[in-house]
Each structure stands twice: as structure tokens, then as C-alpha cells.
Colleague: 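Dropping a structure here in C-alpha cells format, bear with me for questions.
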Amino acid sequence: ETTFTANSFYAAEHPHSKYGYVEWAEMVQDLSDGDLVPEVYTGTVLLAPRANLQGIRDNVVQVAHHAAVYTPSEMPVANTVQELGFNYSDPLTMIFASTDFSMNNEAQLQEWQDTGVVYLGSYATPPYILFCREPVRTLDEFKGKRIRTAGSSVSQWVEQAGGIPVNVPSSEMYTGLERGTLDCASNAANDLIDRSLWEVAEHTTLLSTGMYWTGPQWGYNPGFWSDLTTEQRKILMQATAQAMSHMIVEYLGAAESSLEEAKAKGNNVYEPGDDLKASADDYRANSVDTAYTTAAETYGLDNGKEIIDDFIATYEKWEDLLADVDRNDPDALAQIAIDEIYGKIDAATYGVQ
Amino acid sequence: MTQTRDTDEDEDVGALDTGIRLLNKGFVICAAVALILMMLHVTLDVAARATGTVNLIGTLEIVSYYYMILLVMLPMGYVELKHEHIRVDLFVQMMPNWLQFALYLLSCLLGLIFFGMMLRQSILDAWTSTTRQETIMSNFIFYIWPSRWALPLGFAGILLAVLANLLKAIRYRKAL
Amino acid sequence: MDNTTVGIIAVAVTLILIALRMPIGVVLGLVSIVGIAEITNMRVAWGVVSATPYDFIGQWELTAAPMFLFMGYLATEGKLTSGLFSALRLFLARLPGGLAISSVGACTFFAAASGSSVATAAAMSRIAVPEMLKNNYDKGLATGTIAASGTLGSLIPPSVLLILYGVYAQVSVGQLFMAGFIPGLVSALLYVMMIMMRVKANPSLAGDVQINATRAEKIQALKEIWPLPTLILLVLGGIFSGVFSPTEAGALGAFFAACIAAIRKTLTRAALKTAILSTLQSTASIFLILIGSVLFTRFLALSQLPMAFSDMVLSVSESQWWILFAVAVIYLVLGMLIDSIGLLLLTLPMILPLVEGAGINAVWFGIIVIKLLEVGLVTPPIGLNVYVIKGALGNLVTLPEVFKGVTWFIVMDFVALVLIILIPAMSLWLPSLLYN
Ligand code: NA
Ligand code: NA
């Protein structure tokens, strides 16, 4: 029996923790007939959000969620890819494309190795939309609003469009909106309900300001991973494929139903006005070029263009692969992930030192 | 209200004592500057926002990752020199002097071990952070590696202060 | 040796070393490192040491602590507080324990502005305790009042703990905020009643002041009241109107305190220097313990001791009353050792499913949990609010004096808890008015 520590810094009820760790742990035990026993920690009891990479590397935890945006200087490749966040709005395609890219792109694999993690699967958030105290539908209404943003590409657009990007810890979002030190927060739709933001931000605008997916949902300590048997690694891959599919279906469902719930509670949900939408579209049109530049200037990559192009190609490949599949069927999605990703990876050698 | 104990006003014996005291005083001055700047910077940010004149960028980052780290870490040694780190005196007061002295020596020893370990690890971390030019997630590029060095400085300050107190206790043959 | 045994031994060693006058932060940190190395290996222990202090200190929310301390020190050193308290002394002289009662009131107001118990205790300890001591109040009563009333900071909204619970338990933060209001006020009232009864029984607790003020003296005293209420109004007004956030309020409060002192020409170089040095001294000594206690929480989590303990307690029965009783026992015992946020994160994943299973209202349960966590902030050996006050007052008081002074308040907390549990409407009435 192999017991190991698994950590997700999200609250226990967040899909990344609930399906990605708590239910995943049961899956792992079942699939291995009790041979692999993850002890799951959720929240920040063991590690601060920013410290998960270090925790994996130092074997404080054997597997953990790590968001690459927290460690920009350590993960230039992953953060370069994240610069495309504004371009995409389909998390279902993204979670598989990102996993595929992250387990096959040479530069990305090298980065995981250099930073001391074995990457086994992705997460993907729904698009971040705007939750505001007042209606924000047009550029005019957008002007001068203080908006909580996460990450530089979003904040550049917010500034361009006349808003004021601010950085506030998530624990202060609710009071910030309640008291008016914040006008809007940009987050995934489920936060409207999960963080009770609907109570203090009655106006939601369905303007996608990007989504997040880089860094491992399951990043393993390389030493621990290498000490596992090939059979055990195969079981973990199988569990990853299933948990990942389940997680994304549930996450998207939660986002969808959160919007419905907010509406039922009397909140307003708007489509963005034409000028606001055009502003975002304009920014998006240049964002690939911007990402090329950022890769070189901010992250110091000389192969940034290749990385970005490979990522875009991988995403397009997955758009095709998922074209005819039932998007609400986790088993079918898991099977595609196994056929297209995990089945092509050699469990005897992948990530083994 | 000043809180002094007789041993605070002891004259320094030799260059080591003087050096350690001056070093920690210097650290406290830096921390004091950080404290004042923290107050002014946040106030200015709020004022700028309230009047809508300008929007200051990076207040949260500078305040949390620079002022805060500096003002927490740097005075640690000064506090040790003043014997102000929090302990429970109740039971020990009833013990004979020689036992109090022995326990004080033990507490210095534990302090040396703990702060030694913290010093070692924080130097390694600060070094790694420096070579990687560590940044944090932010709406712009924000380097945090310089402030990583506040930890080794603070831990070194308190390590030396514990050492000075240990030597002083041995000189006086009593707990401080 | 299995992990929980390591945990038990470590807790025992910690208690002994603390009792032997070893610095608390050092003990917590060192025991955690040795314990983690024993459970896993030294590499993991180094990993935890490496991953903890920097990210812990560099938190925006925590910056309120030194700023509120600074505000408090500036207020005392700049003599902003004496006017109000000497007036209160004149006017409340007939009321037993008038200054302590005013302090509970001030804490209650402050709690409505601040999201954290520790920040509330930090701010009020420097404002109220020195004045009470100057009036020959019993040290235990003076410090206990602030340590306990500081815990109102998490019960009366806004509250970081309630937000955290809301996200974890998936219940409305707004409802939780509303629900905490009456239990918070009831706790404050119970404190006031207890103070009055104790001082009536033993008047020397509240000093030996004989006051026979003339009318002219009273009028003169009234003129000197304004500085502190002005400061508090500026801070509260700023937060409620949304000009600044509860975290920013500390810095603004310090700035206002400095301005008021400057206007009154009491901001001398010496006063400023003392305020700065005291703030730094308090902050550093409090944070050394905080670092130790975060390491200790991580160690206890890895040892699985809290989980084993909770499992044991909860395995007995599944009735609602037993679960509530068991939860109370779990939080009170673990609350002695682990800080409130760590304990909340550690136990909720285990306890919430049971609560749902037993059909207990999650909002009501949240208030019970927060109240229990708040008791943990003032129980020995690891009671952060008590450490904050000790840190803020330095050698003016000893730790046992504060812990002893807080005992009576803990008794009142139990009364409050029983009321909260027996009368769910105390928590659920306000939310039902505003939602549904
Ligand atoms: Na509060
Ligand atoms: Na306690």
C-alpha cells in the first residue's frame, strides 16, 4: 500500500478540490484496489497558494494543484501560453488541449522537469466574466470602474478600455464590492454563488475577459513518481483522465447553474454592449502578436513563437476531436483523453528520472 | 511608557556586544522607515483614489512584499536584545536561581538552533529567488527577490542577539 | 511510532517547554520542524520551513495588524485617549467598572469596522488598557476585557472568518454577516453584565478612585473628549462609506491619529519615536509567534492528530445534539493549540458533511463554529489575542495575568454559546428578514 499526501489550495467545495482531489482520491483507491491511498488536504492548511510548486519539489506533498500564474519567473513557458487567455472561451476543449500540449511540447516538458514537477493533467476555468455593483454594459459605463483582475493581459485591456485594474486578495472581494472600494470583480461564474458575490454585485456582464488553465492540476514530486511501479503510474493516468473529464463537466455545469440561480435571485445578467464587445474583440485580434512579444520581452524566451504556435495548433486539433462528442458525458470524454493523450504516453518512462 | 529591565542598560562589553547592538539598531531604523512609508503610501493611495486624480499602481504589492516583510523581520533582533519576545514566566519564577539560569541557557540554545535553521533556509531561498529574478502574479511585472533578503537579515540579527544575551547571561551567571 | 503518537508527544513537549519560559515562537517552530522530520524526513521539514514564513508575512490582509497597532500607539503617546477616558471616569464613576464597560463598547464599535479579531484586539489594547491601568484597574480585568472583546471582531460583520466559512460551506456570506450580529451584541452584553457583577462584588478590581468632580470640572472634561471619538469616527466612516477597505483602515487610522496629535501639539519627537519603536517591537514579537504557530498548524495537519481526534469524537453517535456537543469539544480542545483560520481549514472538510447529514442549518452552525474558534483565541497555551495584548503592552503585564483575567470572559462565552445553540432564532432571525 502506498499512502501519499495530495493538496489542493482551493476550498473543499470548489470543483478543483471536490472533483479534482476528493473524488479523484476515491477513484484512485478504487482503481488500485486500495493499493494507492491519497490523503487529501484542501485549502491552505499545508501550503500557501503560491508555495505549492515549492511544496511539490521539496516533497512536502507528493501531488498538488499548482497555478503557473503564481510563479511567473519560474515558469516562463506556461505563463507565455497563459498570455493567450483572452483568446479562448471554451474550457472543455481547453482542459484536453492544455493537457495534450503540456505532456508533449518539448519546451514545456523541459520546464516541468526544471521546476521539479511531473505534469499529469490540466484544469481549466470557465471564462472570467464581470460582476458589478452597477450595470456595466457600455464603454461609457466601463469608464473609471475599479475592476479586480487577475493577470497582466486582462489588466492591459481593462486599462485600454478605460477601467482601472486593481489587485485585491480573493478574501477581500466580497467586502470590497459590498462597501464600494471595488466596482467589479472578474471571476468564473460559479463564484457568483460560491463566494456569495451575487449579494453585493447584482449586475453581471457576460463579457469574457479570459480564462486560466496553465500549471498542473496534478503535479507530482519526481522522486515519488519515479518510485511508483509502471502499473501504479498507469492507474494514476487512468484516474486523471476520468477525474479531469468529470471535473470539467461539473465545473461548467456549476458555472451555468450559478448564472441561472443568480437570475432567479433577481440579479441582472447582460450581454455586453456593442462598443464594449468591440473593444475586447480589438484587443483579442492583436493578442497573439502581443503574446509573441511578451514571450520574448517579459519571459525571455527565444522560442516563444514556436511554443505559442504549437499551442494554438494543439487547441485546434482538440476542437476537431471534440466536435461530435456529447459534452455532458464524462466517460466519453475520458475515453478520448485516454485514446489521444494517456494511451500514447509510455508510463514506464514518462517523468521517470 | 518605557519598559526597561536593569540588564537593558548594561554597558557593552567589547566590540562584539557593540557591533550586535548597533547592527540591530540599524535594522530597526530601516524597519521604522518601512512603517512610516507603509502608512503614507496606503494613505496616499486612498487619497488619490478618493479624489480621482491619479491611480497608483502596485500599492498592494509594495506594501505586502516590501514594507510588511521589512517591518516584521528587521526588528526581531532588537526585540530579543530588549528581552521582549513573549514567554511564560509564571512557573519559572518559583524556581531557584541556578535552575532559572540553566533554563535560560537552554532557551538561548534552542533559539540559536531555531534561528540558525531559519537563517540557513532563508539564505538558500533568497539566493534561489535572486538567481531566478523572482516575480509574483500581478497586473504588471513585480520583482520580489530583493525583499526575500529581509528574512536572512532578520534571522541573522536575532541569532546574534540571542548570542549576545547568552554571553551576557554567562557573564552575570543569571537568567536575563 | 505512528504519526498521531508523534503529534501527541509533540504537543506535550511544546506545553512543557513553554511552561519552562522558552520563547513561545521558538518552541512552536522547533517542535514543528523536529516533528515533521520525524513523521516524514528532514527534506520535507526544510521544505515547510522554506515555503512558510515569507508567504505568510507577505499577506496584504495582515498589514492591518502593524497599522492598527501604530494607530493605537500614536493615540496613546499623542495623548488622544486620556480625555475620553477621564471624562468617562467622571461620568461613569457610579457604574461599577465603567472604564471596562466603555472598552467593551468601543471594541464592539471597532468590530463593526474591522474584519479580524486580532486587529480589533491590537487596536484597542493600546487605546484602552493603559488608561485602565492608570486608574488602578486590576491588570487581569483590564487586559481580559480587551482580549475577549477583541474576539467580537470575527462575530460582528465584516469578518474574514465568516467569509472563509461561507465559501467553504457554500452558504451566503451576507446571511452569515447578518446572523453574526445579534450573537455578537449578546456576547458584548454578557461581558458588560459580568464586569458589573464582579466589580460590585469586589470594587477594588476597578481601581480605588474617589471622584467628587465639580460641575466646572465635568464641563472641562467634556471639552477634552473629542480626539479619540473623532479618530474612531473617521476610521469607521471611511470603511462604511467605502472610501477605504477594512485593511487600509489601519494605515488611515494611524495617519489620522498622527494628524490629530499634531493639531493638538502632542506629536512630539519623543512621542513619535516611542510609538514607532513600540509598534515595531509588538509587531516583531507577535509575528515570531505567528510564524511558529503556522508551522505548528502544518505539523499537526501532517501528523493527522486533529483528524484522529475528531474521528474519535464523532464516531460515537449521529444525533444532532451529540454532533453539536462533539464539535464544541473538538474546537475547544484543538482551539487551545491551533489558530482560528488553521483550525477552520483543518476541520471543516471533516465536519461539514456530518452537519449536512444531520440536517443542521449551515448558517446557524457557522455562527456556533465562529464563536467556538473565538474562544480558542483567548484560551491558553496558544491564544493569539492574548499574545497580541501581551505584545502590545510589553512588560506592563505578564501572560498568566492576561490568561487569568480572560477566564471570566470565557465563562460568559460559554453562556453565549449555550444561548446561541438553544435559541437558533438569535442567529437566524435577522437573515430571515433580509433574505427570503
Ligand atoms: Na468584524
Ligand atoms: Na487557544
Side-chain angles (χ1 to χ4, degrees), chain B residues 1-5 28 31-32 35-36 38-43 45-46 49-50 60 63-65 67-69 71-76 78-80 82-92 100 103-104 106-107 110-111 113-115 117-118 121-122 124-125 144 147-148 151 154 158 175, chain C residues 17-27 29-30 33 46 49-50 53-54 57-60 62-63 66-67 70 76-77 130 238 243-244 248 250-252 254-255 258 273-274 276-289 291 380-381 387 390-391 393-396 398-400:
Chain B
M1 200 130 316
T2 54
Q3 300 132 3
T4 53
R5 287 172 64 136
V28 166
L35 179 74
I36 301 284
M38 185 195 264
M39 176 185 79
L40 293 178
H41 198 145
V42 174
T43 305
D45 184 81
V46 168
R49 186 171 76 212
L60 175 136
V63 168
S64 333
Y65 285 98
Y67 305 146
M68 184 67 181
I69 304 258
L71 82 84
V72 165
M73 288 309 302
L74 292 185
M76 290 228 169
Y78 174 80
V79 177
E80 172 63 28
K82 291 236 159 208
H83 315 289
E84 289 281 355
H85 278 299
I86 300 173
R87 309 157 177 256
V88 177
D89 286 331
L90 184 67
F91 305 103
V92 175
Q100 288 193 26
L103 286 173
Y104 186 75
L106 176 65
S107 87
L110 293 185
I113 296 171
F114 179 64
F115 297 119
M117 294 178 88
M118 299 305 275
Q121 190 58 46
S122 60
L124 293 177
D125 290 343
I144 58 166
S147 84
R148 283 265 187 193
L151 269 71
I158 191 168
Chain C
L17 288 177
I18 288 178
L20 292 179
R21 203 176 166 260
M22 307 294 140
I24 295 167
V26 171
V27 173
L30 212 48
I33 293 173
W46 285 121
V49 166
S50 153
Y54 184 82
I57 303 169
Q59 285 184 76
W60 167 247
L62 283 180
T63 60
M67 287 291 98
F70 194 32
T76 19
E77 296 304 324
V243 176
F244 42 78
E248 292 167 331
L252 272 295
F255 181 75
K273 190 180 160 196
T274 312
I276 292 174
L277 276 182
S278 309
T279 306
L280 294 175
Q281 201 159 302
S282 300
T283 310
S285 61
I286 292 164
F287 270 81
L288 181 59
I289 291 188
I291 293 171
Y387 292 154
K390 165 71 179 153
L393 297 171
N395 287 334
L396 285 178
T398 66
L399 267 189

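First the proteins, then the strands, lettered A, B, ... as listed; each starts at 1.
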Colleague: With a 4.5 Å heavy-atom cut-off, do B:M68 and C:I57 have their side chains touching?
Modeller: yes

Colleague: Please flag which part of B:I144 lies under 4.5 Å from any non-hydrogen atom of chain C: side chain, backbone, both or neither.
Modeller: both

Colleague: Considering all heavy atoms of both residues, which atom of B:R87 and which atom of C:L399 are nearest to each other, and what is their separation?
Modeller: O-CD1, 3.7 Å

Colleague: Please identify, among B:Y104, B:Y78, B:F114, the residue contributing the most non-hydrogen atom pairs under 4.5 Å to chain C.
Modeller: B:F114

Colleague: If you count heavy-atom pairs under 4.5 Å between each of C:I18, C:L30, C:L17 and chain B, which one has the most?
Modeller: C:L30

Colleague: So which part of B:Y65 gets closer than 4.5 Å to some heavy atom of chain C, the side chain, the backbone, both or neither?
Modeller: both

Colleague: For chain B, which of C:V49, C:L277, C:V26 has the most heavy-atom pairs under 4.5 Å?
Modeller: C:V26

Colleague: Could you look at B:L106 and say if it's the side chain, the backbone, both or neither that has a heavy atom under 4.5 Å from chain C?
Modeller: both

Colleague: What I want to check is whether the side chains of B:Y67 and C:T63 have a donor and an acceptor closer together than 3.5 Å.
Modeller: no

Colleague: Report yes if some heavy atom in the side chain of B:L110 is under 4.5 Å from a heavy atom in the side chain of B:F115; otherwise report no.
Modeller: no

Colleague: Out of C:G391, C:S282, C:P400, which one racks up the most heavy-atom pairs below 4.5 Å with chain B?
Modeller: C:P400

Colleague: Does any heavy atom of chain B fall under 4.5 Å from the side chain of C:F70, the backbone, both, or neither of them?
Modeller: side chain

Colleague: Between C:P53 and B:S122, is any pair of side-chain heavy atoms under 4.5 Å apart?
Modeller: no

Colleague: Can you tell me how far apart NE2 (B:H85) and CE (B:M76) are? Round to the nearest 0.5 Å.
Modeller: 6.0 Å

Colleague: Counting heavy-atom pairs under 4.5 Å to chain C, which of B:T43, B:I113, B:L103 comes out on top?
Modeller: B:T43

Colleague: For chain B, find which of C:T283, C:I276, C:V27 contributes the most heavy-atom pairs closer than 4.5 angstrom.
Modeller: C:I276

Colleague: Can you tell which part of B:M73 gets under 4.5 Å to a heavy atom of chain C, answering side chain, backbone, both or neither?
Modeller: side chain

Colleague: Could you grab the distance from atom NZ of C:K390 to atom OG1 of C:T398, nearest 0.5 Å is fine?
Modeller: 6.5 Å

Colleague: I want to check something: taking the side chain as every heavy atom from C-beta on, are B:V42 and C:F244 in contact at a cut-off of under 4.5 Å?
Modeller: no

Colleague: Output the option from C:I291, C:I286, C:I289, C:L280 having the highest count of non-hydrogen pairs under 4.5 Å with chain B.
Modeller: C:L280

Colleague: With a 4.5 angstrom heavy-atom cut-off, is it the side chain or the backbone of B:A50 that approaches chain C, or both, or neither?
Modeller: side chain

Colleague: Is C:P23 close to chain B through its backbone or its side chain, or both, or neither, when contacts mean heavy atoms under 4.5 Å?
Modeller: both

Colleague: Which bit of C:T279 comes within less than 4.5 Å of chain B, counting heavy atoms only: side chain, backbone, both or neither?
Modeller: side chain

Colleague: As an exercise: rank B:V72, B:D125, B:I158 by heavy-atom pairs under 4.5 Å with chain C and give me the winner.
Modeller: B:V72

Colleague: With chain B, which of C:S50, C:G250, C:G238, C:G25 has the greatest number of heavy-atom pairs at distances under 4.5 Å?
Modeller: C:S50

Colleague: Determine whether B:L71 and C:P66 make a side-chain contact, defined as any pair of heavy atoms from C-beta on separated by less than 4.5 Å.
Modeller: yes

Colleague: Should C:E248 and B:R49 count as an ion pair when the cut-off is N to O under 4.0 Å?
Modeller: yes

Colleague: Which region of B:I69, side chain (C-beta onward) or backbone (N, CA, C, O), has a non-hydrogen atom less than 4.5 Å from a non-hydrogen atom of chain C, or is it both or neither?
Modeller: both

Colleague: Is B:R148 positioned over the aromatic face of C:Y54, cation under 6.0 angstrom from the ring centre and no more than 45 degrees off axis?
Modeller: yes

